[in-house]
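The block underneath contains the structure these notes are about, expressed in structure tokens.
For ligands, and for the atoms within them, numbers begin at 1 and follow the listed sequence. Starting from 1, each residue takes its place in the sequence as its number.
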Amino acid sequence: MSVREQYLETLGVDVWKARTDSRPPLAEPGVAMAAAVASAPAALVAPPAVAAIAADEVAWEALRAQVSTCTRCELSQTRTQTVFGVGNRRADLMVIGEAPGADEDRQGEPFVGRAGQLLNSMLRAIGYARPTLYIANVLKCRPPGNREPKPGEVACCLPYLQQQLDMIQPRLLVALGRVAAQNLLATDVPLARLRGQVHRFGARATPLIVTYHPAYLLRSPTEKRKSWVDLKFIRAELARARAGA
Ligand code: URA
């Protein structure tokens, strides 16, 4: 049984066949391209392309270094390490969670625990393997005991996310759960009313769709059916955004 079929079976949703994204995974393309350029014969490499790739790499590494030493808020005192974000720096789709949990704080990567495994199968069900997208959180540091982010912490951290967004320029953002959605959209409207529509985020007015947090779905499996409705909406919006490009 395919991963999608397994996920749908878990959801209790009838299986139907849909086209999946057949693009090969593009893990950390900046790194891969830089390595390819470095090993290419000099005559084959156009200097402006090399310069652009190098500048991109420098910008990413500068941001990563800034985040890893950040002391803008008190979470810097309790974190094990910052959780920068992971994935394809040319992604069409960027997924944004709330904040690192215990597993993420330990491993330095977003969504690596049980919620991450469910997130991976949700995305694979609509044709997106994890390495093809970019995953980050509203906060780069774990709040102690997984408490909700404080407004001051969000204010300190959001500029980092905005910079990641500016560099990736995804076609679509997906906010996972009430906390991520309300903080990104600066609203206190309940999640149920934020689902099912396309919002806009940031200076680029990037389209943003809200869906359930996978950790919530693990606690409330009966909501998984509604999450499948959201996933189909996400897939359709991405197809529409690509077609209009
Ligand atoms: N929950 C989140 O919101 N983000 C993570 O990275 C892990 C769990």
Side-chain angles (χ1 to χ4, degrees), residues 7 27-28 63-64 67-68 70 73 75-76 78-89 91 93-124 128-165 168 170 172-188 190-191 194-195 199 201 208-221 223-224 226-227 230-231 234:
Y7 181 69
E28 299 287 347
L63 182 60
R64 186 185 287 279
V67 167
S68 70
C70 180
C73 80
L75 296 182
S76 61
T78 49
R79 73 183 178 222
T80 303
Q81 59 188 310
T82 56
V83 178
F84 182 72
V86 71
N88 177 4
R89 295 174 186 172
L93 175 61
M94 183 164 168
V95 174
I96 304 174
E98 175 180 333
D103 293 320
E104 292 74 22
D105 177 67
R106 222 177 0 255
Q107 295 186 40
E109 181 171 327
F111 285 100
V112 289
R114 278 185 70 222
Q117 283 164 21
L118 179 57
L119 175 64
N120 293 347
S121 23
M122 288 163 68
L123 293 164
R124 281 217 298 268
Y128 280 82
R130 182 176 170 107
T132 66
L133 44 119
Y134 198 88
I135 307 177
N137 284 305
V138 170
L139 292 190
K140 306 281 186 236
C141 296
R142 182 190 183 207
N146 297 344
R147 64 158 169 76
E148 272 195 28
K150 295 179 183 172
E153 294 161 356
V154 174
C156 288
C157 219
L158 263 189
Y160 294 136
L161 186 68
Q162 183 67 63
Q163 283 181 68
Q164 289 172 303
L165 197 61
I168 297 168
L172 183 67
L173 298 174
V174 171
L176 296 174
R178 175 187 62 81
V179 174
Q182 291 184 339
N183 279 293
L184 291 172
L185 298 173
T187 182
D188 55 7
L191 178 116
L194 295 173
R195 292 176 53 234
H199 307 269
F201 176 75
L208 181 151
I209 291 176
V210 174
T211 188
Y212 295 102
H213 194 290
Y216 171 77
L217 294 175
L218 288 172
R219 291 192 304 272
S220 313
E223 301 288 52
K224 284 182 178 174
K226 288 194 227 159
S227 96
D230 293 346
L231 288 169
I234 290 164

Sequence neighbours excluded, every pair satisfying ring-ring contact (aromatic ring centres under 6.0 Å, His included) that has a member inside residues 97-117:
Phe111-His213

So which protein residues pack against ligand 1 under 4.0 Å, heavy atoms counted?
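Its neighbours under 4.0 Å (heavy atoms only) are Gly97, Glu98, Ala99, Glu104, Pro110, Phe111, Asn137, His213, given by chain and number.
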
Run the side chain to side chain contact (heavy atoms under 4.5 Å, CB included) test on Ile96 and Leu173 for me, step by step, so that the C-alpha distance in whole Å, both residues' side-chain angles and the decisive distance to 0.1 Å come before the verdict.
CA-CA 7 Å; Ile96 304 174; Leu173 298 174; 4.0 Å; yes

Might you point out which heavy atoms bring Pro149 and Leu139 nearest each other, and give the distance in Å?
CB-CD1, 3.4 Å

Once ring-ring contact (aromatic ring centres under 6.0 Å, His included) is applied, do any residues pair with Phe201, and if so which ones, sequence neighbours excluded?
none

Who pairs with Arg219 by salt bridge (Lys or Arg N to Asp or Glu O under 4.0 Å), at least two apart in sequence or on another chain?
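For Arg219 there are no salt bridge (Lys or Arg N to Asp or Glu O under 4.0 Å) partners, ignoring immediate neighbours.
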
Is there a donor-acceptor contact under 3.5 Å linking the side chains of Asn88 and Thr132?
no

